[in-house]
Amino acid sequence: MMDFDREVISLQEGKESALCFFMDQYSHALHFYAYKIIKNQDIAREMVSDAFVKLWEKKENFQASESIKSFLYLVVRNLCLDHLKSSRVRFQHNEELLSDLESNDENIKGGKTTCTNSII
């Protein structure tokens, strides 16, 4: 456990090698975790990368490796849930748009068109 404690201190000091250490330790498991939630390899990879960026931004706040691990999992989970929520909103919007287009199509097919300003 001494390696982890040393790496936490190095991370707090802003050493990129410490960030690489934690990426090596957790990125594979975090990617698997993200993929289980969102079912997309590329987006899961992006979520994990974003989590490590957030870790780097908040590096001074961590005192123990357990808190880093918990933080990373929490960030990945929240990013995945946000992605799913925005995907659901986009899907609902697309469904509404499709429904509107279909109803407009019916109005065009079944309705009468009268032109008041016809040029002959």
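For clarity, every value in this text was computed on a predicted model and none was experimentally measured.
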What do you reckon, is NZ of Lys36 surrounded by more than 12 foreign heavy atoms closer than 6.0 Å? no
Could you check whether atom CD of Glu60 has more than 12 heavy atoms from other residues, nucleotides or ligands sitting under 6.0 Å from it? yes
What is the distance from atom [atom1] of [X] to atom [atom2] of [Y], rounded to the nearest 0.5 Å?
| X | Y | atom1 | atom2 | result |
| --- | --- | --- | --- | --- |
| Asp24 | Ser17 | CG | OG | 10.5 Å |
| Ser49 | Met23 | OG | CE | 6.0 Å |
| Gln41 | Glu46 | CD | CD | 13.5 Å |
| Ser65 | Leu11 | OG | CG | 11.0 Å |
| Glu13 | Lys59 | CD | NZ | 11.5 Å |
| Lys69 | Leu55 | NZ | CG | 14.0 Å |

Show the nearest heavy-atom pair for residues Met47 and Cys80, with the distance to one decimal. CG-SG, 4.0 Å
Identify the two heavy atoms, one from Leu79 and one from Lys54, that lie closest to each other, and give their separation to 0.1 Å. CD2-CE, 4.3 Å
Going only through I, L, V, M, F, W and Y residues with side-chain contacts under 4.5 Å, is there a path from [X] to [Y]?
| X | Y | result |
| --- | --- | --- |
| Phe32 | Val76 | no |
| Tyr35 | Leu72 | no |
| Val53 | Leu81 | no |

Counting distance only, does the side-chain N/O of Gln12 pair as donor-acceptor with the main-chain N or O of Phe62 below 3.5 Å? yes
Can any side-chain N or O of Ser86 pair as donor or acceptor with the backbone N or O of His83 at less than 3.5 Å? yes
Close side-chain approach of [X] to [Y], heavy-atom, < 4.5 Å:
| X | Y | value |
| --- | --- | --- |
| Ile38 | Leu84 | yes |
| Ile68 | Phe4 | no |
| Leu30 | Phe52 | yes |
| Val8 | Phe22 | yes |

Less than 6.0 Å separating the ring centroids of Tyr26 and Tyr73? no
